[in-house]
A.B. asks: 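Right, I'll just put the structure down here and ask away after.
Residue numbers start from 1 in every chain, and the chains themselves are labelled A, B, ... in the order their sequence lines are given, proteins ahead of strands.
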Protein chains: 2
Amino acid sequence: MAKQRPTIRDVALAAGVSGPVVSTVLNNRTESTVRVSPQTRERVERVARELNYTPSILGRSLAQQKSYIVGLLLSAVNSPLAAEVIRGVQDIASPQRYSPMVFIHGNPEEEAAEFERSLDRRVDALIVDTFDTPADAGNVEAYRNLASTGFPLVELFGMSIPDVLRVNVDFEADARRATQHLLELGHRRIGLVVHEHYHKKETHWAGWGFYSGYRAVLEKAGLEPIVIPAPAVTAPGDGLAFIESGRYAGRELLALAERPTAVISYSNRRAYGVVQAFLSEGLKVPEDVSVLGYYERDVAVLTDPPLSSLCVAAREAGQAAAKIAFGIMQRKPVETVAVASEWMPRGSTSALSASQRNTIRP
Amino acid sequence: MAKQRPTIRDVALAAGVSGPVVSTVLNNRTESTVRVSPQTRERVERVARELNYTPSILGRSLAQQKSYIVGLLLSAVNSPLAAEVIRGVQDIASPQRYSPMVFIHGNPEEEAAEFERSLDRRVDALIVDTFDTPADAGNVEAYRNLASTGFPLVELFGMSIPDVLRVNVDFEADARRATQHLLELGHRRIGLVVHEHYHKKETHWAGWGFYSGYRAVLEKAGLEPIVIPAPAVTAPGDGLAFIESGRYAGRELLALAERPTAVISYSNRRAYGVVQAFLSEGLKVPEDVSVLGYYERDVAVLTDPPLSSLCVAAREAGQAAAKIAFGIMQRKPVETVAVASEWMPRGSTSALSASQRNTIRP
DNA sequence: TTGAAAGCGTTACCAT
DNA sequence: ATGGTAACGCTTTCAA
């Protein structure tokens, strides 16, 4: 039997004041029509502490018609990022008394059901993760409708919902940073392993953005892009297919007449496959070829050597999404944000060596 | 401007009945003092549908003094499992109109703060993940206190909170299954890579349990255990240390006079390290040595060959925890549960070959 | 079989 | 500067 929690009435009674006074005091409400004297204030605060009073969000919610809940509609596909995203949301939401409620789905039908559920829960805002999901048209329409009513709906890791503010990975800036890094290490032949449809800007904006950043930096340096298209992976599954795609790209790369001394790979899983292809040909990483990975954080650590890479800053993304959501709620000006990835220097890249120079241009 | 949602009053008015009738109908309340005729029932249902009415959980919560929220207090350490656990909880909670609210923490102070927050949110139940956290005494005490009031608190992946129902990994059964599998493949020299303190039953119950299951099966088969203690890993961090620990164990194993033809490794990260050690000595997996991993799901897929392993059934664990929580709430008999892991057959184990037989006993 | 009234804990508004 | 009162949307209980 849980002890009966004290209510605002108990505090009011014990402090010899009325309910509203307690409410005003404990919420530090200054611009209220209710003004309280310092003595009263102190007394109320003391009594509240003595009684171990914490206001019930249930009552508050009903009175204010606010749930103080921010919903997170997440795809099971990118589970690995979920915890960090939630944490980011929490970072921003907590100070505003908000808490994240999570709705995870594995397919469009579940997605629709969980979306409904989130509305039934009367979430005050909704962060929708459309990453890696071939967005279902019906669901997108539903999101769009909701957003068009002014409801704070933020898209995360996706570009599926029209006319909605979102948080994206800053593919182009990330690619620039990656390329720049390798340039600074002295590399001049820098390859890019990327989704084979990277040039289809409309549908593969991520790959396109990444490629654009890569090319921009190389062009500025007067160097030629060397793109190695990696086969598309249909089933995201557990990632095996991605690795296989990387192995394939790795072999392609080795077959080039003039082999790059460094490679950037979109997707750390692909990078892992690339490394495997190199190793199985007797090449050493990074001595013979530097490999710089991108995106997923979880894999980067597992190669030998561990992959230097840029990893999605999931927590920051969560924070950014929450900021936008609260911005909309509070009618502050906010806009779509691109979050730069996090630099994880490890052992798979190194400065261009003399022997590499020789190997390349004999 | 979000459209005003219809309230129960709107429905009542439109259907020409009173609020309680609507409430009774829409909740299919049979054992209520309020009985409604089939016609009325149908009319109410129709009107509700027409108005697109969905009851507000805010009002219901206040009236029933139930938040319909199950809290999940998770450690950031095992982020990878978070999404699956949440999903499992969702599986059980949703049909009961409950939703999971997630509270993630990175250290004991945050843990305490998030715990408080969850109580402030008036969660009706709390699932506490103490995995891998050297449980903070103060927090444990707080959990215990709460649980002792009859509050539905369930410990997940840990044994830190006394007198509390929990969901655990079934280490012993898992080890038995793993060992049995290798026996059935014909192996007779089966090694176990496990935390160096595995024999300290009290503090390292996981390792102990796993070892026990392993030994039990071997004994029954009249075989000798071959334990290779892996160095303790202090900083869980990103897992690099675990892999290093596995590499170390792998080298130890290779130095044995009579080398096992198969190894079970507690922790897939360690298994990964073991594989690396083997490969770097020119041994092939599974041709020369079979390697069977355990526990984390995320890594198992990344080795070459991918690791056959038993992986923690996180979603099932979440389900089990939720079931216990609801059981306590509804005063049904429930008890601590051990969840068996999931069998993920992949490429790192194979039947004992003739050549292996020869190598071992020349 | 139904309606009416009270109450859940809080906040907002209007009096004093 | 403070208190009273109504309201939020729903459920529960009692009366009809």
A.B. asks: Side chain of Leu62(B) only, please: which of dC8(C), dA12(C), dT12(D) is the nearest?
C.D. replies: dC8(C)
A.B. asks: Is there a side-chain contact between Arg60(B) and the phosphate of dG9(D), meaning an N or O under 4.0 Å from OP1 or OP2?
C.D. replies: no
A.B. asks: Can you check the Gln64(A) CD to dT10(C) P distance for me, whole Å?
C.D. replies: 12 Å
A.B. asks: Salt bridge (Lys or Arg N to Asp or Glu O under 4.0 Å) between Glu50(B) and Arg46(B): does it pass, once the steps are laid out?
C.D. replies: CA-CA 6 Å; Glu50(B) 283 170 6; Arg46(B) 186 170 43 74; 3.4 Å; yes
A.B. asks: So if I take every side-chain heavy atom of Pro20(B) and compare against dG4(D), dT13(D), dT11(C), which nucleotide ends up nearest?
C.D. replies: dT13(D)
A.B. asks: Return yes if a side-chain donor-acceptor contact under 3.5 Å exists between Gln90(A) and Glu110(B), otherwise no.
C.D. replies: no
A.B. asks: Quickly work out the Arg9(A) CZ to dG7(C) P distance and round it to whole Å.
C.D. replies: 9 Å
A.B. asks: Which whole-number value in Å describes the distance from Arg41(B) CZ to dT1(C) P?
C.D. replies: 10 Å
A.B. asks: Take the protein atom CZ of Arg97(A) and the nucleotide atom P of dT11(C), then report the distance between them rounded to whole Å.
C.D. replies: 7 Å
A.B. asks: Over how many whole Å does the gap from Asp120(A) atom CG to dG9(D) atom P extend?
C.D. replies: 16 Å
A.B. asks: Measure from the side chain of Val21(A), starting at C-beta and using heavy atoms only, and say which of dT11(C), dC8(C), dG3(D) lies closest.
C.D. replies: dG3(D)
A.B. asks: Quick check for you: among dG9(C), dG4(D), dG9(D), whose closest atom lies nearest to any side-chain atom of Ile8(A)?
C.D. replies: dG9(C)
A.B. asks: Check this one for me: any side-chain N or O of Tyr53(A) less than 4.0 Å away from OP1 or OP2 of dT10(C)?
C.D. replies: yes
A.B. asks: Would you classify Thr7(A) as touching base, sugar-phosphate or nothing, given that sugar-phosphate means primed atoms plus P, OP1 and OP2, and contacts are heavy atoms under 4.0 Å?
C.D. replies: sugar-phosphate
A.B. asks: Separation of Tyr68(B) atom OH from dC8(C) atom P, in whole Å?
C.D. replies: 17 Å
A.B. asks: If the cut-off is 4.0 Å, is Ser23(B) near the phosphate of dT11(D), judged by side-chain N/O to OP1 or OP2?
C.D. replies: yes
A.B. asks: Just to be sure I understand the rule, does Thr40(A) reach a base, reach only the sugar-phosphate, or reach nothing, if contact means heavy atoms closer than 4.0 Å?
C.D. replies: sugar-phosphate
A.B. asks: Of Ser18(B) and Ala63(B), whose nearest nucleotide on DNA chain C comes first from the 5' end?
C.D. replies: Ser18(B)
A.B. asks: Give a yes/no on whether any side-chain N or O of Ser56(A) is located under 4.0 angstrom from OP1 or OP2 of dG9(C).
C.D. replies: no
A.B. asks: Check the orientation of Tyr68(A) and Tyr98(A). Use parallel for under 30°, tilted for 30 to 60°, and perpendicular for over 60°.
C.D. replies: tilted
A.B. asks: Is there a donor-acceptor pair closer than 3.5 Å between any side-chain N or O of Asn139(B) and the backbone N or O of Pro108(B)?
C.D. replies: yes
A.B. asks: Could you go through Phe157(B) and Val312(B), starting from their C-alpha distance and side-chain angles, then the distance that decides it, and tell me whether this counts as side chain to side chain contact (heavy atoms under 4.5 Å, CB included)?
C.D. replies: CA-CA 10 Å; Phe157(B) 298 145; Val312(B) 172; 4.0 Å; yes
A.B. asks: In this structure, how many angstroms lie between the P atom of dC8(D) and the CZ atom of Arg122(A), rounded?
C.D. replies: 15 Å
A.B. asks: Separation of Arg5(B) atom CZ from dC10(D) atom C1', in whole Å?
C.D. replies: 15 Å
